[in-house]
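Atom set for the values below is all heavy atoms of this structure, side chains included, hydrogens, waters and symmetry mates excluded. The first residue in the sequence is number 1, and the count goes up from there.
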Amino acid sequence: MAGVQRFSVAEERSGHCAAMDQHCLYVWGGYVTIEENEVYLPHDEIWVFDIENGLWRVHLTDGDMPPSMSGSCGACLNGKLYIFGGYDDKGYSNQMYYVNLRSGNREFTWKQVKHFKGQPPTARDKLSCWVYKDLLIYFGGYGSRRHNELNDCFDVHDASWEGQMFWGWNNDVHVFDTEKQNWIQPVVKQTRVNDLHFLNLDTWTWSGGIQIIGEKPPGRSWHTLTPVGDDQLFLYGGLSAESVPLSDGWIYSFKTNVWTEFKHLPKDQPRLWHTACPGKDNEVMVFGGSKDDLLSIDTGHCNDLLIFQTQPYPLQRLCLDIIGKHSFQLRNQLSCLPLRLLDQVNKRITFWTAARFRQSRRESCYEINNNKTGW
């Protein structure tokens, strides 16, 4: 039981927030389906994964907490986790909250951003966010608007003429300056005309069509696109145009303007509406999401953490992992290591011990489920 508790993991979920700060991955929110009902994960919990020792821990939070939601957008900036938007039983949100992850006393206290300048985005979920300098930049999302709020940046998907309410996808950019506590909506020039495009954050100009050289990934939604290194992006998963959950990975190079498919990825780990964060040594850490088409079979929520190596590891990392994987055989030599190096080795030993334990439990659960099916 002690091992089970020590090597526990965050619950299955989709539509959650995940962000990296220093050597930890922070996970908040999302939902899971229980007996055909959508259940939101507790709003007073933040799960933390330490990428050095491979252990999860949960922190209970207090303060002016955001409600339990899915589809919120999370980002870490200067040691604070910011949450914006989302959806719950009351509808869409355009509220912002943050929690200081480096308080020093290990207490996580939420604060709502109430006193700000400017006009925040309309209420929405499923938007994207990235960090630039001290700015949080938000794009898109699905939400609702009244008739007098409609404009060219809103693509109507459904409507209720009786209540003069419209639902659809937003196509606008909003910026929150964390230093000045100010919302800005820049005048964005040109429109998106290709499935791959970039936005210049100094001129606020879309690139327009990018002519890709060679092969490119199939069309999809609900995927992730994560920066790795200085000039590459890692694309993973999503839902295909034929509503098939995907498990492929691709690397896009800014320098060559070429997509390259990752070979030999497992085909039994499709993900959509997951999160992906850049980790240590150009790893990409994919957590949660669904392995099924959420629009038709909303039962396949996941809680395993997939770690993808996108570039060769440094020699020291390779050596630490070898020792961590084979610590039993090397146990008599470990005491000879310098204390600083021994601390790093012990973290990798814990990491691989936890990884083996979780893999064993997954295999046991798989066998049990197969036996039940056979009955």
Side-chain angles (χ1 to χ4, degrees), residues 1-12 18 20-27 47-58 226 228-229 232 234 236-237 247-249 251 262-271 274-289 291 302-370:
M1 179 62 73
V4 173
Q5 191 171 26
R6 187 187 187 200
F7 301 139
S8 61
V9 299
E11 296 97 331
E12 299 90 345
M20 286 289 302
D21 183 60
Q22 297 180 328
H23 59 87
C24 289
L25 174 72
Y26 294 86
V27 175
W47 281 85
V48 185
F49 179 79
D50 189 319
I51 65 174
E52 294 184 346
N53 63 26
L55 297 181
W56 285 95
R57 64 184 186 275
V58 62
T226 310
V228 289
Q232 293 183 328
F234 178 71
Y236 184 71
S247 59
D248 58 340
I251 286 283
F262 256 47
K263 302 298 183 182
H264 313 300
L265 289 183
K267 299 300 182 184
D268 60 345
Q269 294 178 329
R271 291 291 184 275
H274 52 283
T275 54
C277 299
K280 191 176 182 180
D281 298 324
N282 292 313
E283 291 176 327
V284 175
M285 311 180 69
V286 171
F287 175 73
K291 61 184 178 181
C302 306
N303 70 337
D304 46 345
L305 181 67
L306 309 179
I307 301 178
F308 295 97
Q309 177 188 351
T310 64
Q311 296 182 15
Y313 286 141
L315 179 59
Q316 184 185 35
R317 167 69 181 273
L318 294 172
C319 294
L320 289 173
D321 281 342
I322 288 295
I323 297 173
K325 291 178 181 179
H326 304 283
S327 58
F328 182 79
Q329 294 91 324
L330 300 171
R331 63 190 183 280
N332 295 328
Q333 287 78 38
L334 295 180
S335 60
C336 301
L337 295 172
L339 289 179
R340 184 175 179 181
L341 186 58
L342 182 59
D343 179 61
Q344 297 180 57
V345 166
N346 286 332
K347 289 179 179 179
R348 298 314 290 175
I349 291 174
T350 302
F351 181 96
W352 289 108
T353 301
R356 285 193 294 268
F357 177 85
R358 292 169 188 143
Q359 180 62 29
S360 175
R361 285 183 62 84
R362 281 194 293 268
E363 291 174 353
S364 297
C365 292
Y366 181 78
E367 291 178 3
I368 292 172
N369 290 334
N370 279 351

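Within the 4.5 Å cutoff, the side chain of C319 has no heavy atoms near those of the Q344 side chain. Within the 4.5 Å cutoff, no side-chain heavy atoms of L25 are placed close to those of V48. You'll find the side chain of V27 stays beyond 4.5 Å of the side chain of F49, heavy atoms only.
Taking the salt bridge (Lys or Arg N to Asp or Glu O under 4.0 Å) definition, one finds that K267 meets it with nothing, sequence neighbours left out. In terms of the salt bridge (Lys or Arg N to Asp or Glu O under 4.0 Å) criterion, K291 has no residue partners (sequence neighbours excluded). Scanning for ring pair (Phe, Tyr, Trp, His ring centres under 6.0 Å) contacts around F262 gives F234, with sequence neighbours left out. P266 is linked by a side-chain contact (heavy atoms from CB on, under 4.5 Å) to D268, Q269, counting only residues two or more places apart in sequence or in another chain. Not counting sequence neighbours, the partners of W47 by the side chain to side chain donor-acceptor pair (under 3.5 Å) test are E11, E45. Looking at residues two or more places apart in sequence or on another chain, you find a side chain to side chain donor-acceptor pair (under 3.5 Å) between Q311 and Q232, N282. In terms of the side-chain contact (heavy atoms from CB on, under 4.5 Å) criterion, residue partners of Q22 (sequence neighbours excluded) are, by chain and number, R102. Every residue two or more places apart in sequence or in another chain was checked for a side chain to side chain donor-acceptor pair (under 3.5 Å) with R358, and none qualifies. By the side-chain contact (heavy atoms from CB on, under 4.5 Å) test, P314 pairs with D281, R317, sequence neighbours left out. Considering only residues two or more places apart in sequence or on other chains, F287 meets the ring pair (Phe, Tyr, Trp, His ring centres under 6.0 Å) condition with H16, W56. Applying the side chain to side chain donor-acceptor pair (under 3.5 Å) criterion to R356, with sequence neighbours excluded, gives no partner residue.
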What donor-acceptor contacts under 3.5 angstrom involve side-chain atoms of residues 325-342, with partners at least two apart or in another chain?
unit_1: R331; atom_1: NH1; unit_2: F328; atom_2: O; d: 2.5

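Remark: the backbone N or O of L55 is not paired with any side-chain donor or acceptor of D50 at under 3.5 angstrom. Proximity of a side-chain donor or acceptor of R271 to a complementary backbone N or O of S247 within less than 3.5 Å is not detected.
Annotation for Y26 and D21: closest pair CE1-CB, 3.8 Å, computed over non-hydrogen atoms.
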Item checked: Audit row: T226, Y236, side-chain contact (heavy atoms from CB on, under 4.5 Å) steps and yes/no -> CA-CA 9 Å; T226 310; Y236 184 71; over 6 Å; no
